[in-house]
**Student:** 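Below you'll find the structure I mean.
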Amino acid sequence: MALSVAKCPSSSAAARLAPDHSPPRWSTLLRPFPRTVLAGSVAVPSSKNWNLGVACKQEVGTVAASSPKEAPSKNVEIGGLLGLSSEEYRDVIGPNSSEREPTVSITVVGASGDLAKKKIFPALFALYYEDCLPKHFTIFGYARSKMTDAELRTMVSKTLTCRIDKRENCNEKMEQFLQRCFYHSGQYESEENFADLDKELKEHEGGRLSNRLFYLSIPPNIFIDVVKSASKSASSKNGWTRVIVEKPFGRDSESSAALTRGLKQYLDEDQIFRIDHYLGKELVENLSILRFSNLVFEPLWSRQYIRNVQLIFSEDFGTEGRGGYFDNYGIIRDIMQNHLLQILALFAMETPVSLDAEDIRNEKVKVLRSMKPLQLENVVIGQYRSHTKGGVAYPGYTDDKTVPKGSLTPTFAAAALFIDNARWDGVPFLMKAGKALETRRTEIRVQFRHVPGNLYKRSFGTDLDRATNELVIRVQPDEAIYLKINNKIPGLGMRLDRSNLNLLYASRYSKEIPDAYERLLLDAIEGERRLFIRSDELDAAWELFTPLLKELEEKKIAPELYPYGSCGPAGAHYLAANYNVRWGDTASDA
Ligand code: NDP
Ligand code: BG6
């Protein structure tokens, strides 16, 4: 069978077949290949996604029919059987090689829920559409709700789109995909129900090497129940078993540590894939490339040249529909402690030894552990109130029926953070996150220092801060990277203005940007951990925010109210002003 190559951005397909080298506690691991042969596959770099122009192979498991020497990626795919001819390969694998081809069973636990419908199934379909899923795969939805396979398919089909390049055969592909989706109804704490799931999975796996991925798309209070039942009754007996865990990972240091302890009763750390979907966003992933592969940036990446860094998240809608969840967490736990802090760590880390997941995560954790404790005076919190604009009445946070009256939960927060190390000493990292604001956007803004002895300072008037360079990495929407520079306005006079060197993704790249969940799901299938949170990173993140959260709650600090659809509480501007900073997103030339 011929190999066909798809343009799957993050996959080399290689590691998809490469066995997980961590011994899963869930299963008795019977390796498909002899140990000596496997040794070769260990050398597959986990930095595969960083290769430029890597293609995603369409049909995993078809490689045996071709000579491994033909294409380098195939050597890797067959588990390190480097240099073997097709006959030798078949000798090792056995005559009935198709039975030894691995299969991946993906079980979405909580399949009846919002996240599964909105994100997980559409991401899986997009991967299928892009030919990034292995040849043999099955998707199971698992939840308590009663549903038939047909009903699951109908539910899922409503949120699937053929957004990718609007290619042909969409309906056909969708139908094929849906035929590989099944549903199993069961209780979350029932080992028996998971044993029934196991039977169904086995039927679909058809005796092949089985790899199993469980996606916990459920409220966190039932994570451990599910992991316990699934580990006892539905883990793979001969392949890997991995579990994707959705946030929130606890509410503070203690609950997070308890959750980790609970998970580790049944799983090894290597099997736990804690997802922070912001790490799967294209421009967040690009941060390291921008910095470490462009000489013009890395030398400037320090306190010597950078005045401040701003990490800004804003949404133009409230907590509609999620008030119950949100009120228990608030914006600091929902966005800052994870999404923005993860971006900060990636932004500020030292050069890792390699692109290996552990090397990158080691550097990130060092940043987190070097952060100064967060003081209450460096934090501003807010909550949106109702507001009428253009004749439309927008509800306040506490108007939501699922939110307790008088709730003090912040829907907005701004904070000034500092990294106590040689590179970043004294540089404010300002974070701002809020719901029900004027716009929806996420960006990283890097404001550079003044040019020493600037020859042109007279041309800038009195506000020299407005004349410094600013690098903006707009994560969403309209992904872009632009650098504000000073420039002479063409003509005979000497007038300067600020212009943008602008890399607007939509103009530069014709291909649509994959959703973060696509990248992360593919990475989990491939065993690539770089974009997932390790437990020590999580501990360090909670260590930073837990004392502040406790103080806010113990002192019952009232949030500053701001109108729905505004640019947030004025306190955020005063906080920034304390450090001689102006928020870049509110500037007239933002
Ligand atoms: P839901 O509240 O929709 O829950 C998912 C499913 O879990 C439900 O369909 C329900 O299935 C089951 N469930 C819900 N509540 C309970 C309960 N108290 N006890 C037992 N089972 C319950 O969650 P989402 O789909 O919105 O999110 C899933 C996970 O992802 C959560 O941890 C959430 O915090 C996280 N998350 C969600 C995001 C989103 O945009 N929705 C974004 C980021 C993270 P059934 O009754 O059929 O068993
Ligand atoms: C989730 C938060 O993690 O991220 C939500 O729980 C938030 O409150 C969402 O709306 C934002 O994600 P995105 O990808 O839409 O920016």
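For ligands, and for the atoms within them, numbers begin at 1 and follow the listed sequence.
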**Student:** Given Glu246, Arg333, Arg440, which one has a non-hydrogen atom that is nearest to atom 15 (O) of ligand 2?
**Tutor:** Arg440
**Student:** I'd like to know whether Leu408 forms a side-chain contact (heavy atoms from CB on, under 4.5 Å) with Lys556, so could you lay out the CA-CA distance, the side-chain angles of the two residues, the decisive distance to 0.1 Å, and finally the verdict.
**Tutor:** CA-CA 7 Å; Leu408 297 179; Lys556 297 194 180 353; 3.9 Å; yes
**Student:** In chain order, what residues pass the salt bridge (Lys or Arg N to Asp or Glu O under 4.0 Å) check against Arg251, with sequence neighbours excluded?
**Tutor:** Glu553
**Student:** Report yes or no: does a heavy atom of Lys118 sit under 4.0 Å from some atom of ligand 1?
**Tutor:** yes
**Student:** Describe, in one word, how the ring planes of Phe194 and Phe214 are oriented to each other, choosing from parallel (under 30°), tilted (30 to 60°) and perpendicular (over 60°).
**Tutor:** tilted
**Student:** Which of the numbered atoms in ligand 2 are under 4.0 angstrom from any heavy atom belonging to Lys435?
**Tutor:** 5 (C), 7 (C), 8 (O), 10 (O)
**Student:** Are there protein heavy-atom neighbours of atom 1 (P) of ligand 1 below 4.0 Å?
**Tutor:** no
**Student:** Could you pull out, from Ser112, Gly110, Ala143, the option with a heavy atom nearest to atom 11 (O) of ligand 1?
**Tutor:** Ser112
**Student:** I'd like to know if atom 23 (O) of ligand 1 has any protein heavy atom within a distance of less than 4.0 Å.
**Tutor:** no
**Student:** Given Met147, Lys119, Arg144, Arg322, identify the one with the heavy atom nearest to atom 42 (C) of ligand 1.
**Tutor:** Arg322
**Student:** When you compare the side chains of Ser105 and Thr138, does any donor N or O come within less than 3.5 Å of an acceptor on the partner?
**Tutor:** no
**Student:** Name all residues meeting the salt bridge (Lys or Arg N to Asp or Glu O under 4.0 Å) criterion together with Lys117; count only those two or more places apart in sequence or in a different chain, and write none if there are none.
**Tutor:** none
**Student:** With atom 6 (O) of ligand 2 as the reference point, say which of Asp334, Asn338, Thr319 has the nearest heavy atom.
**Tutor:** Asp334
**Student:** Would you say the side chains of Tyr562 and Gln383 form a donor-acceptor pair under 3.5 Å?
**Tutor:** no
**Student:** Yes or no, since that's all I need: does a protein heavy atom fall within a distance strictly under 4.0 Å of atom 18 (N) of ligand 1?
**Tutor:** no
**Student:** So which bit of Ile222 gets within less than 4.0 Å of ligand 1, heavy atoms only: side chain, backbone, both or neither?
**Tutor:** side chain
**Student:** What protein heavy atom is closest to atom 15 (N) of ligand 1, reported as residue, atom name and distance in Å?
**Tutor:** Pro219 CG, 3.4 Å
**Student:** Examine ligand 1 and decide if any of its atoms is less than 4.0 Å from a heavy atom belonging to Lys117.
**Tutor:** no
**Student:** Yes or no: does Phe326 have any heavy atom under 4.0 Å from an atom of ligand 2?
**Tutor:** no
